Amino acid sequence: MEYEILHQKIIELLSKTNYVVLATSSLDGVVSASKMCMISKGTTVYFQTSLGFEKTKNIMENPNVAITINNIYFKGQAAIVGTPSSNEYFVNQMKIKHYKTYENYTNLPNQILIEVKLTECRLWGIWNGEESIKILDLNNKQLTKIKCDNLKGGY
């Protein structure tokens, strides 16, 4: 029951979020982080970017990515799924949430669409008086908790 409630809150948070930090890593472990305009559909998120950027090369080498929204951390699997303009849902949402970005970049020939299927969500905080991290396994629909004594004062 708790998993379903938290899962729904995560979907609501994603739908209201405009920007996230996307972290990628090359095969040799060099990391990169970028603030990105984000569009979500459930626990799948979309980004558009240039084919020539470091994050794109990283995703082609290593599809494991992470995103953060404030103190909420997600892991996911990324894939290049075409061009931004080829995805009607993405285009419609970009026009609503990020019109200037849509207008300036979406139809450029070097733009690609990245789809990230989120696999895990970690929520830090004080739950029932106990400092802990709740981990939602989004693939297996399971919730686990790790006790954390070093969160003194919350998140």
Side-chain angles (χ1 to χ4, degrees), residues 3-125 133-144 146 148 151 154-155:
Y3 174 88
E4 288 81 15
I5 293 167
L6 290 173
H7 185 258
Q8 189 55 44
K9 287 185 180 204
I10 288 166
I11 290 172
E12 289 171 19
L13 171 70
L14 290 168
S15 72
K16 294 176 183 175
T17 299
N18 290 332
Y19 300 95
V20 299
V21 175
L22 170 69
T24 64
S25 175
S26 64
L27 275 180
D28 57 357
V30 177
V31 296
S32 173
S34 306
K35 185 176 181 182
M36 303 289 293
C37 297
M38 185 209 46
I39 300 298
S40 70
K41 188 175 190 180
T43 57
T44 300
V45 297
Y46 297 93
F47 307 102
Q48 74 176 58
T49 192
S50 173
L51 186 58
F53 285 169
E54 180 181 28
K55 63 183 149 268
T56 304
K57 180 179 178 261
N58 287 352
I59 288 169
M60 287 191 270
E61 291 181 0
N62 177 2
N64 298 306
V65 300
I67 65 169
T68 59
I69 303 170
N70 300 321
N71 66 324
I72 301 172
Y73 168 70
F74 295 89
K75 292 180 183 180
Q77 292 287 305
I80 298 167
V81 293
T83 63
S85 58
S86 69
N87 184 306
E88 186 178 346
Y89 177 81
F90 179 81
V91 167
N92 290 337
Q93 291 300 302
M94 282 296 286
K95 287 179 182 177
I96 295 167
K97 293 178 84 172
H98 306 286
Y99 187 76
K100 283 289 190 191
T101 299
Y102 164 78
E103 195 173 65
N104 291 332
Y105 300 104
T106 298
N107 292 308
L108 293 177
N110 65 344
Q111 292 292 292
I112 58 166
L113 183 62
I114 297 171
E115 177 184 82
V116 178
K117 294 186 186 278
L118 299 176
T119 57
E120 182 179 290
C121 176
R122 292 185 177 224
L123 305 161
W124 289 266
I133 300 169
K134 289 191 177 184
I135 304 170
L136 282 80
D137 178 336
L138 300 172
N139 288 334
N140 298 310
K141 299 181 180 176
Q142 295 178 341
L143 176 66
T144 56
I146 301 171
C148 270
L151 294 178
Y155 53 112

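Computed from a predicted structure; not experimentally measured.
- Looking at heavy atoms from C-beta onward, F47 lies out of side-chain contact with V65 at the 4.5 angstrom threshold.
- No side-chain heavy atom of F74 sits less than 4.5 Å from a side-chain heavy atom of V20.
- Residues H7 and T43 form a side-chain contact, since some pair of their non-hydrogen atoms from C-beta on lies under 4.5 Å apart.
- The main-chain N or O of N64 is found under 3.5 Å from a side-chain atom of N62 such that the two form a donor-acceptor pair.
- The aromatic rings of Y19 and H98 sit perpendicular to each other, their planes meeting at more than 60°, with 30° as the lower class boundary.
- In E88, the CD atom is not crowded: 12 or fewer heavy atoms of neighbouring residues, nucleotides or ligands sit closer than 6.0 Å.
- Nearest approach of P84 to V91, heavy atoms of both residues: O-CG2, 3.4 Å.
- The closest side-chain heavy-atom distance from L123 to Y73 is not below 4.5 Å.
- The structure places OG1 of T144 at 11.0 Å from OH of Y3, a figure rounded to the nearest 0.5 Å.
- For the atom pair CD1 of I67 and OG of S34, the computed distance is 13.0 Å after rounding to the nearest 0.5 Å.
- Counting non-hydrogen atoms of other residues, nucleotides and ligands closer than 6.0 Å to NZ of K57 gives a total of 12 or fewer.
- When all heavy atoms of I59 and A78 are compared, the pair lying nearest together is CG2-CB, 3.8 Å.
- Applying the side-chain contact (heavy atoms from CB on, under 4.5 Å) rule to S40 yields the partners L14, S15, M38, V45; only residues at least two apart in sequence or on another chain are considered.
- Judged by distance alone, with hydrogens and angles left aside, the side-chain atoms of S32 form no donor-acceptor pair with the main-chain N or O of T24 at under 3.5 Å.
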**Request:** Could you please spell out the steps behind the side chain to side chain contact (heavy atoms under 4.5 Å, CB included) verdict for T56 and I80?
**Result:** CA-CA 8 Å; T56 304; I80 298 167; 3.9 Å; yes
**Verdict with reasoning, L138 to T119, per side chain to side chain contact (heavy atoms under 4.5 Å, CB included)** = CA-CA 5 Å; L138 300 172; T119 57; 5.5 Å; no
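- Interatomic distance, I11 CD1 to T44 OG1, rounded to the nearest 0.5 Å: 9.5 Å.
- Across all non-hydrogen atoms, the minimal contact from N87 to F90 is OD1-N, 2.8 Å.
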**Prompt:** Does the pair Q8 and E12 meet the rule for a side chain to side chain contact (heavy atoms under 4.5 Å, CB included), with working shown?
**Reply:** CA-CA 6 Å; Q8 189 55 44; E12 289 171 19; 3.6 Å; yes
Which atom pairs, donor and acceptor, lie under 3.5 Å between side-chain atoms of residues 101-118 and protein residues at least two apart or in another chain?
| unit_1 | atom_1 | unit_2 | atom_2 | d |
| --- | --- | --- | --- | --- |
| E103 | OE2 | Y99 | OH | 3.2 |
| N104 | ND2 | K100 | O | 3.2 |
| T106 | OG1 | Q48 | OE1 | 2.8 |
| T106 | OG1 | Q48 | NE2 | 3.4 |
| T106 | OG1 | Y102 | O | 3.3 |
| N110 | ND2 | S50 | OG | 3.2 |
| Q111 | OE1 | Q48 | NE2 | 3.2 |
| E115 | OE2 | Y46 | OH | 3.0 |

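- The line from CD1 of I5 to CD1 of I10 is 12.0 Å long, rounded to the nearest 0.5 Å.
- Partners of S26 according to the side-chain contact (heavy atoms from CB on, under 4.5 Å) rule, which considers only residues two or more places apart in sequence or in another chain, are D28, V30, N58, E61.
- The main-chain N or O of I72 is never found under 3.5 Å from a side-chain atom of N70 such that the two would form a donor-acceptor pair.
- Within the model, atoms CG of L51 and OG1 of T83 stand 11.5 Å from one another, a figure rounded to the nearest 0.5 Å.
- Between atom OG1 of residue T17 and atom NZ of residue K97 there is a gap of 6.5 Å, rounded to the nearest 0.5 Å.
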**Item:** Check against side chain to side chain contact (heavy atoms under 4.5 Å, CB included), L136 and E120
**Value:** CA-CA 6 Å; L136 282 80; E120 182 179 290; over 6 Å; no
